[in-house]
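These notes concern the structure reproduced below.
Below, read A as the first sequence line, B as the second, and so on, with proteins coming before strands; counting in each chain starts at 1.
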Protein chains: 2
Amino acid sequence: MARRTADGSPTMATVAAEAGVSRATVSRAFSQPHRLRPETVERIREIAGRLGYAVNPAAKALSTGRSGTLALMVPDVANPFFPPMIKAVERRADQAGYAVFLGHTDESPAREDLLLNRFAQQVDGFVIASSRLTEAAIRAHAERSPAVLVNRDVAGIPRVLIDTTRGVTQAVEHLAALGHRRIAYLPGPSRSWSNSERRRTVKRAGVRAGLSVTMLPGRRSSYESGRQAVPAILATGVTAVIAFDDLLAHGVLTGLAERGVVVPLDFSVVGCDDVLAAQTHPSLTTVSSRAAEAGAAAVELLANRLGDGGTAADDRLLLDTSLVVRASTAAAPVC
Amino acid sequence: MARRTADGSPTMATVAAEAGVSRATVSRAFSQPHRLRPETVERIREIAGRLGYAVNPAAKALSTGRSGTLALMVPDVANPFFPPMIKAVERRADQAGYAVFLGHTDESPAREDLLLNRFAQQVDGFVIASSRLTEAAIRAHAERSPAVLVNRDVAGIPRVLIDTTRGVTQAVEHLAALGHRRIAYLPGPSRSWSNSERRRTVKRAGVRAGLSVTMLPGRRSSYESGRQAVPAILATGVTAVIAFDDLLAHGVLTGLAERGVVVPLDFSVVGCDDVLAAQTHPSLTTVSSRAAEAGAAAVELLANRLGDGGTAADDRLLLDTSLVVRASTAAAPVC
DNA sequence: GTGAAAGCGCTAACAC
DNA sequence: GTGTTAGCGCTTTCAC
């Protein structure tokens, strides 16, 4: 009579007894089958299957010190930029044998910090997307648990960056070519690395193209924020705006329409991330994004690092982008 | 010299030694502080904090048989209906002391089944949202692990249902009042309970209002699906359509515009779930949804069930809805 | 109120 | 190739 666990489910001992082998052999049949005679493995697996046996993850984790889990931290699940990334991370992690915890930080550095601490005990590693933490805080966490960053550039910590330099530069040049002389940038979350990058790129490319570039005050990334930013945008006297992302751009489109400003005849709008496809009216000129790829790559990096016992390589993967021209941009109005 | 774990982090023994008590006492200081002298608790906690001690979740799980984790299963993270629910589940679970795994089934019953099996070992319970599984399959899983369903009505399994009967009925009556005599329903995923409900409601309310109701072929819930459904919709000769959800309705809006059909003058469109707010053009008349509340309630039910050792009550929570009239519906065209 | 000791189910040397 | 034997770090009777 082999012992079973309290809730009745079989344990290794149950299988071992049934198969007439030791528990170690059963263990090996699952974790290192190559070290066993093939027929033994097969027999044990057959019995295990018949008995409905499954490895107890907690026991395995306690024994090995590895949980087989990852945590993915994102600022806002509801922002359409993230779901494709979440999907990709989950899928890739699954393939690598990891289950993933989702940590929703709600754009709050404090909550991000809290969750990072809480999860540190129960996961093998982190994928931290669009962190709102300071570099020092990120460093501190990365020192304690393996982590890879997405869209955050901290030297020494593996990271995958969606590099919008090219796409945004193309956007500025596109507007310049259309005859716009005065443009504005509508920023997103102030602690966002992507935002700093885009802001800098717009500035630099604008200067190079001989444009006057106005920097508007920062905003939370949302449709409503974009809509509310419209008066400020119009007050600057520009003829085109590049928004931090599509959500903001979409709101701007609506706000403009509400004031009778016709896009793209009277005004041009450019978004970023291409998360709305052609779903806006008019369809949005934007910069392509690669959120899903970024997520998959991040897991890849993390899995390698966890597997090989940590390569010391300073991984820094860049994903390039480009402008997608649709219907929200056109020649500057003649006035 | 109290032992520390391999990676250097302190263990209960470390704290116990430092405090001059037994490991059992340290354990109690965290899990049942009321059974200890207050000053003891405080001293132990102080030392633990100073040493950077944290309970090892795997050891605790192995010992207690409970992992302190939940899994949330959703068909599609990228569908805007789910993120608010995910957020709410995560938040509520966090408050109840649970971390949540996210399971993305990709609308595939097979994958849902697979993930349910895989997670069964490592979580204390499931929140299964909009399951695409058969009733039998759901029953089988619920028998092995505590589960609560969202938007799936299986007797005997705790469930929270967003009841769109009222909202959809109001939508039909709204259209009837506007003079529409022939309407259509554009269905969503065939295995969706919500879809069956809405379909049934449209049919019933339509008959009662003396309308002719056409049932179109089912579709995956997406913007593109909606757009592609337009020819079929127009072919039916109806003057209004009620779509399974806002995503489909949004696509229909675009498809209609592409064919020069003006909404709401020539045609009326109603969505469901209110996930796009007023972000469409024209803004969408829709049925309110309560995804976040549903998610929170589901966790609540699950946590109670896990806590009290399982109330046998056949929980069935209904969340009511109502019509939100915006600009995509108007009087039927006179022809 | 606190301690001693026996596990929880699995893995990983180390033998044979 | 397979078995023996210690633990992994925590909880939990049962004593005192």
With sequence neighbours left out, what residues match A:Ala71 under side chain to side chain contact (heavy atoms under 4.5 Å, CB included)? A:Phe101, A:Phe119, A:Val123, A:Phe126
Whole angstroms only, please: what is the CZ-P distance between A:Arg35 and C:dA13? 10 Å
Might you work through the side chain to side chain donor-acceptor pair (under 3.5 Å) test for B:Ser131 and B:Glu112, ending with a clear yes or no? CA-CA 8 Å; B:Ser131 179; B:Glu112 185 172 346; 2.6 Å; yes
Please state how far atom CZ in B:Arg37 lies from atom C1' in C:dG1, giving the value in whole angstrom units. 6 Å
Run A:Asn79 and A:Ser221 through side chain to side chain donor-acceptor pair (under 3.5 Å) and show every step you take. CA-CA 8 Å; A:Asn79 184 321; A:Ser221 160; 3.3 Å; yes
What is the separation between atom CD on B:Glu39 and atom P on C:dT2, rounded to the nearest whole Å? 8 Å
Taking CD1 from B:Ile44 and C1' from C:dG3, how many angstroms apart are they, rounded to a whole number? 12 Å
Would you please test A:Arg144 and A:Asn117 for side chain to side chain contact (heavy atoms under 4.5 Å, CB included) and show each step? CA-CA 10 Å; A:Arg144 290 185 284 121; A:Asn117 280 326; 3.0 Å; yes
Charged N to carboxylate O below 4.0 Å: is that the case for B:Asp153 and B:Arg159? yes
Let me know the distance between CD of B:Glu42 and C1' of C:dG1, rounded to the nearest Å. 17 Å
Under a 4.0 Å heavy-atom criterion, the protein footprint on nucleotides 10-16 of chain D, written with B, S and -, is BBBB---
Here the distance between atom P of C:dG1 and atom CG of B:Leu36, to the nearest Å, is 8 Å
Without decimals, in angstroms, what is the distance between A:Leu62 CG and D:dG7 C1'? 9 Å
Taking the basic N atoms (NZ, or NE/NH1/NH2) and the acidic carboxylate oxygens, is any pair closer than 4.0 Å for B:Asp94 and A:Arg111? yes
